[in-house]
Protein chains: 2
Amino acid sequence: MTICDFRLAAFLPYRLAVLSERISRRLSRIYEAEAGLSMAEWRVMVHLSRCGAVSVREIHGCVNLDKPRVSRAVGRLEESGLVEKTSSPTDQRLLVISLSAAGRALLDRILPPAIAYESRLLAALSSEDRVALDRIMEKLHRVMDADPEARPRSRLDIPRDAAE
Amino acid sequence: MTICDFRLAAFLPYRLAVLSERISRRLSRIYEAEAGLSMAEWRVMVHLSRCGAVSVREIHGCVNLDKPRVSRAVGRLEESGLVEKTSSPTDQRLLVISLSAAGRALLDRILPPAIAYESRLLAALSSEDRVALDRIMEKLHRVMDADPEARPRSRLDIPRDAAE
DNA sequence: TGACTTTTGTTGCAAGTGCAACGATATCAG
DNA sequence: CTGATATCGTTGCACTTGCAACAAAAGTCA
């Protein structure tokens, strides 16, 4: 009967995990039920839509997925014809991955509802809330950045105006 | 070349997922490396420390884990001697689960560092930030609450002062 | 009482995950 | 040129997850 006053529901890591998972699962209904994509495949597709033809390594470093997960996601996407794999002419190790026409078409279909869902979330926040949320999330990331035991942040997830 | 200006790194669901996972993984070093607990087991133990002797169903409804996951977590915890399972005398279906002395001792050891890590995160925020974060998370949850396609919120995760 | 429904916890199974090891290619030192 | 080292993508494997099906116990209602 020592530590009984600790409330899991008030524990920040837990609360973040619950909220994040709730939102992610709801969002996945859009790209999973609609297009049969897993979260990893969704992230890869979205990344490709913006960053063009890139390697597995590049994707891995940008969307917070480990290498095997990216590799398998790309494999499945290629099987589905949504993505094309070419080996780089200058470096035989590298793979150049890009969206196919079908992949682009699919993304054109599922990106709008995904963005709409984000808007629905953002609409519940005031503009002050949105600014505060950005600031708070960045502050929390900074704590992790300073912690050598924490996994480093992906390159693209660091804001451009990352004033030290 | 249609939708190319969508930045995953600015997409709220993705940002929440990345931050949450980063924090969760760091936190898991405390209860995993130190005590061999998975996240599910950690949540079950913590819940038991506060809510005493409860059923699988009860845990399932409180800590955002599905029934099979709770069942298996409890099974492993029992094997490790951290938890005790008794069948209810009044209802043979029900299981009464409670921390063993060893479980309580273990929790006494790993709860302080976990709380300390949360404090480290909270210390990076101003008191205004903390208030804002509570408000923002609750607003986002409310959006999900209003969405029939979203998974409902666990009972304990709804603030007591949940003014409609 | 006796069939029907509901609830509780467990199990089966296919799919996904995380980590380490691997082969293949490229790079570099001597 | 050659051996050592590093990088890239894949694969193996043990483990976890999520969903649905399940048996057992309780509740329901004629």
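The chains referred to below are lettered A, B, ... by the order of the sequence lines, with proteins before strands, and numbering in each begins at 1.
Nearest nucleotide to the B/V56 side chain, out of C/dG18, D/dA26, C/dT10: C/dT10. Out of D/dA20, C/dC19, C/dT17, the shortest distance to the side chain of B/P68 is found at D/dA20.
Side-chain contact check for A/S126 and A/D129: at least one donor-acceptor pair (N or O, by modelled atom type) lies under 3.5 Å.
Within the nucleic acid shown, B/S38 has no heavy atom closer than 4.0 Å to any nucleic acid atom.
The CG atom of B/L95 sits 16 Å away from the P atom of D/dA24 (whole-angstrom rounding). In this entry the distance linking CG of A/L94 with P of D/dA6 reads 19 Å, nearest Å. To the nearest angstrom, C1' of D/dC19 lies 10 Å from CZ of B/R151. Between the CG atom of B/D66 and the P atom of D/dC19 there is a distance of 7 Å, given to the nearest Å. The interatomic distance linking A/R43 (CZ) with C/dT17 (P) rounds to 10 Å, in whole Å. Protein atom CD of A/E58 is 16 Å distant from nucleotide atom P of D/dT7, rounded to whole Å. Whole-Å rounding puts the A/L37 CG to C/dG16 P distance at 12 Å. In this structure, CD of A/Q92 is placed 14 Å from P of C/dA24, rounded to the nearest angstrom.
Nearest-nucleotide positions on DNA chain C for A/P89 and A/R76 put A/R76 closer to the 5' end. Between B/K67 and B/R93, the residue whose closest nucleotide on DNA chain D is further toward the 5' end is B/K67.
A/L106 pairs with exactly one of A/L111, A/L82, A/L99 by the side chain to side chain contact (heavy atoms under 4.5 Å, CB included) rule, that one being A/L82. Results of the salt bridge (Lys or Arg N to Asp or Glu O under 4.0 Å) test with A/D147 over B/R25, B/R29, B/R22, B/R120 single out B/R120 as the only residue that passes.
If you take CZ on A/R142 and CD1 on A/I158, they are separated by 9.0 Å, rounding to the nearest 0.5 Å.
Side-chain N/O atoms of A/R72 and base N/O atoms of C/dG18 include a donor-acceptor pair closer than 3.5 Å.
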